[in-house]
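To start, the structure under review is shown below, and the notes come after it.
Naming: A, B, ... by sequence-line order, numbering from 1 per chain. This one's a predicted model, so the numbers in the text were calculated from it and none came from an experiment.
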Amino acid sequence: MPELPEVETTCRGIAPFVVGKTVRKVTVRRHDLRLPIPRNFPQLLTGKRCLGLERRAKYLLLRFAHGHVLGHLGMSGSLRVVSEQEPWRKHEHFALGLAHKRELRYHDPRRFGLWIWTTEPPEHHTLLRKLGPEPLQDHFTAEAFYQGTRKRTRSLKEHLMDPHVVVGVGNIYAAESLFLAGLRPGRRASALTRHGSQVLVQQVKEVLAAAIQQGGTTLRDFAGADGTPGYFAQHLWVYDRAGKPCRRCGTAIRQKVLGQRSSYYCPSCQK
DNA sequence: ATCGCCTCCTGCGCGC
DNA sequence: TGCGCGCAGGAGGCGA
């Protein structure tokens with residue numbers, strides 16, 4: 001299940017097979033994702049050349065001359081490039097036929113993902129309009145993050161995971177960056193200090209950059225476009241380690257639910 | 001505006 | 001082995 005590094009890994013992995021390539025064929029087996037795949041997807045895309053592929057937050061944008069495909073992998077979505085001969089797996093919902101008898105296949109057991117068409121500039125689309133800054137860009141600053149936490153009563157972790165505050169920080173990387181910043185996930189956001197924000201923002205950037213470099217995190221079923229897993233999981237400090245000894249001090253890692261999501265922290269290393 | 005809870009869906013691992 | 005349960009990497013939508 002993808003967070004920003006997994007989406008970025010996917011984006012980079014499929015780009016060579018997609019960008020500049022003409023869509024030969026569109027096959028949709030199931031339309032009923034979080035939002036329905038448009039019925040006219042095949043007519044819209046067949047014979048059209050993909051002019052660009054980019055990631056915004058955890059969304060993927062395929063640019064065509066007449067509009068954009070806007071995709072999101074949800075909790076369990078993944079894309080891979082396969083030979084068109086390859087038998088369809090369970091939960092593969094659509095395929096874009098590409099050059100050299102290859103196909104881009106979308107797999108999503110839980111169907112929380114979405115693939116839609118938009119003719120507006122994608123940044124104006126309802127789903128993208130209100131998103132916060134990209135964490136790896138310079139305008140995601142400690143000062144801006146600090147200001148956003150003022151008077152916020154929810155937990156620091158929920159705040160960090162809010163895509164309107166900053167995009168791409170999901171449950172794993174929120175836990176990891178809070179650990180590395182030495183901050184407890186359950187503290188009120190408003191209790192963050194300027195210095196705390198400085199450290200946290202720096203750690204968010206470092207953790208995400210490192211995860212991208214490692215090809216993302218594979219917990220259960222994430223794999224890059226060629227099916228290879230990511231290697232970040234072996235570096236996790238706290239995520240999914242409840243009861244296990246802290247890798248830094250040996251204290252048992254604690255688990256606590258915040259905003260309906262499991263949160264993990266070291267009660268000794270994080271204040 | 002903000003918060004906190006609910007929801008969508010399927011699969012997996014656990015305890016009995 | 002089989003069942004029921006809780007939980008899973010996201011995020012929009014709701015009522016308060």
Side-chain angles (χ1 to χ4, degrees), chain A residues 1-11 29-37 55-60 70-79 89-93 106-116 125-132 135 147-178 185-190 204 207-208 211-212 214-224 229-243 255-264:
Chain A
M1 220 166 95
E3 295 188 36
L4 187 147
E6 292 73 45
V7 181
E8 179 66 26
T9 299
T10 297
C11 187
R29 300 169 97 210
R30 277 195 88 138
H31 290 79
D32 54 337
L33 306 184
R34 174 152 72 92
L35 295 177
I37 295 178
R55 178 192 60 73
R56 167 70 176 115
K58 296 173 192 165
Y59 290 91
L60 289 169
L70 180 54
H72 194 288
L73 306 178
M75 290 275 268
S76 58
S78 59
L79 287 166
R89 296 183 188 176
K90 194 176 183 186
H91 304 305
E92 282 186 331
H93 304 310
Y106 180 62
H107 181 262
D108 187 358
R110 296 175 75 180
R111 288 186 283 120
F112 288 176
L114 64 88
W115 292 90
I116 58 174
H125 192 279
T126 328
L127 291 169
L128 302 187
R129 198 168 30 199
K130 290 180 287 186
L131 292 176
Q147 289 303 335
T149 58
R150 298 305 81 196
K151 299 186 178 169
R152 302 305 295 263
T153 60
R154 64 179 169 182
S155 70
L156 183 55
K157 172 162 174 279
E158 289 172 89
H159 190 75
L160 182 59
M161 287 179 64
D162 182 343
H164 305 115
V165 172
V166 56
V167 302
V169 186
N171 210 25
I172 298 177
Y173 300 110
E176 296 301 295
S177 38
L178 285 163
R187 311 168 27 135
R188 282 179 171 230
S190 61
V204 166
V207 165
L208 292 176
I212 290 171
Q214 299 284 319
T217 299
T218 296
L219 289 185
R220 289 165 190 86
D221 55 3
F222 171 76
Y231 292 97
F232 197 71
Q234 42 199 296
H235 302 286
L236 296 176
W237 290 94
V238 289
Y239 182 82
D240 207 20
R241 299 197 63 245
Q255 178 172 8
K256 179 179 180 180
V257 174
L258 296 169
Q260 326 295 112
R261 312 294 297 276
S262 279
S263 307
Y264 304 87

**Complete:** To the nearest angstrom, the CG-C1' distance between A:Leu60 and C:dG10 comes to 14 Å
**Message:** In this structure, how many angstroms lie between the C1' atom of B:dG4 and the NZ atom of A:Lys157, rounded?
**Reply:** 14 Å
**Message:** Main chain of A:Ile212, side chain of A:Glu8: is a donor-acceptor contact present, judged purely on distance under 3.5 Å?
**Reply:** no
**Message:** Test your reading of the model: is there a side-chain donor-acceptor pair from A:Ser76 to the backbone of A:Arg110, 3.5 Å cut-off?
**Reply:** yes
**Request:** To the nearest Å, give me how far apart CG (A:Leu33) and C1' (B:dT7) are.
**Result:** 16 Å
**Asked** When you measure from the side chain of A:Gln214 to the backbone N and O of A:Ala211, does any donor-acceptor pair fall under 3.5 Å?
**Response** no
**Prompt:** Can you list every salt bridge (Lys or Arg N to Asp or Glu O under 4.0 Å) pair that touches residues 153-162 of chain A, not counting sequence neighbours?
**Reply:** A:Arg154-A:Asp162
**Contact nearer the 5' end of DNA chain B, comparing A:Glu158 with A:His91** = A:Glu158
**Message:** From CG of A:Asp162 over to C1' of B:dG4, roughly how many Å is that when rounded to an integer?
**Reply:** 13 Å
**Request:** Report yes or no: is the ring centroid of A:Phe112 under 5.5 Å from the six-membered base ring centroid of B:dC9, with the two planes under 30 degrees?
**Result:** no
**Message:** Looking at B:dC8, I'd like to know if its phosphate oxygens (OP1 or OP2) sit under 4.0 Å from a side-chain N or O belonging to A:Arg111.
**Reply:** no
**Asked** If you measure from the P atom in B:dC6 to the same atom in C:dG6, how many Å do you get, rounded?
**Response** 14 Å
**Prompt:** Of all the choices, B:dC3, C:dG10, B:dG11, which nucleotide is nearest to the side chain of A:Lys90 once you look at every atom?
**Reply:** B:dG11
**Prompt:** Hey, which of A:Met75, A:Arg30, A:His91, A:Arg34 is the one that makes side-chain contact (heavy atoms from CB on, under 4.5 Å) with A:Arg111?
**Reply:** A:Arg30
**Item:** Spacing of A:Glu6 atom CD relative to C:dA8 atom P, expressed in whole Å
**Value:** 16 Å
**Asked** What's the closest nucleotide to the A:Arg110 side chain, out of C:dG10, B:dG4, C:dA8?
**Response** C:dA8
**Request:** May I ask you to decide if A:Val207's main-chain N or O and A:Glu176's side chain share a donor-acceptor pair within less than 3.5 Å?
**Result:** no
**Prompt:** Just wondering, more than 12 heavy atoms not from A:Arg29 lying within 6.0 Å of its CZ?
**Reply:** yes
**Fill in**
Per-residue pairing states of DNA chain B in dot-bracket (Watson-Crick or G-U under 3.5 Å; . unpaired, | other strand) read .|||||||.|||||||
**Message:** Please determine whether a side-chain nitrogen or oxygen atom of A:Ser262 lies at a distance below 4.0 Å from atom OP1 or OP2 of C:dA8.
**Reply:** yes
**Item:** Gap in Å between the two P atoms, one belonging to B:dC5 and one to C:dC7, rounded
**Value:** 14 Å
**Request:** Locate the shortest heavy-atom distance separating A:Gly186 from A:Lys256; write the atom from each residue and the value.
**Result:** CA-NZ, 4.4 Å
**Fill in**
The contact string for nucleotides 11-16 of chain C, one letter per nucleotide 5' to 3', using protein heavy atoms under 4.0 Å with B, S and - for base, sugar-phosphate only and none, comes out as SS----
**Prompt:** Any side-chain heavy-atom pair from A:Asn171 and A:Tyr239 closer than 4.5 angstrom?
**Reply:** yes
**Asked** Which one, B:dT2, B:dC9, B:dT10, comes nearest to the side chain of A:Arg152?
**Response** B:dT2
**Request:** With the side chain of A:Pro109 defined as its heavy atoms from C-beta on, choose the nearest nucleotide among C:dC7, B:dG11, B:dC3.
**Result:** B:dG11
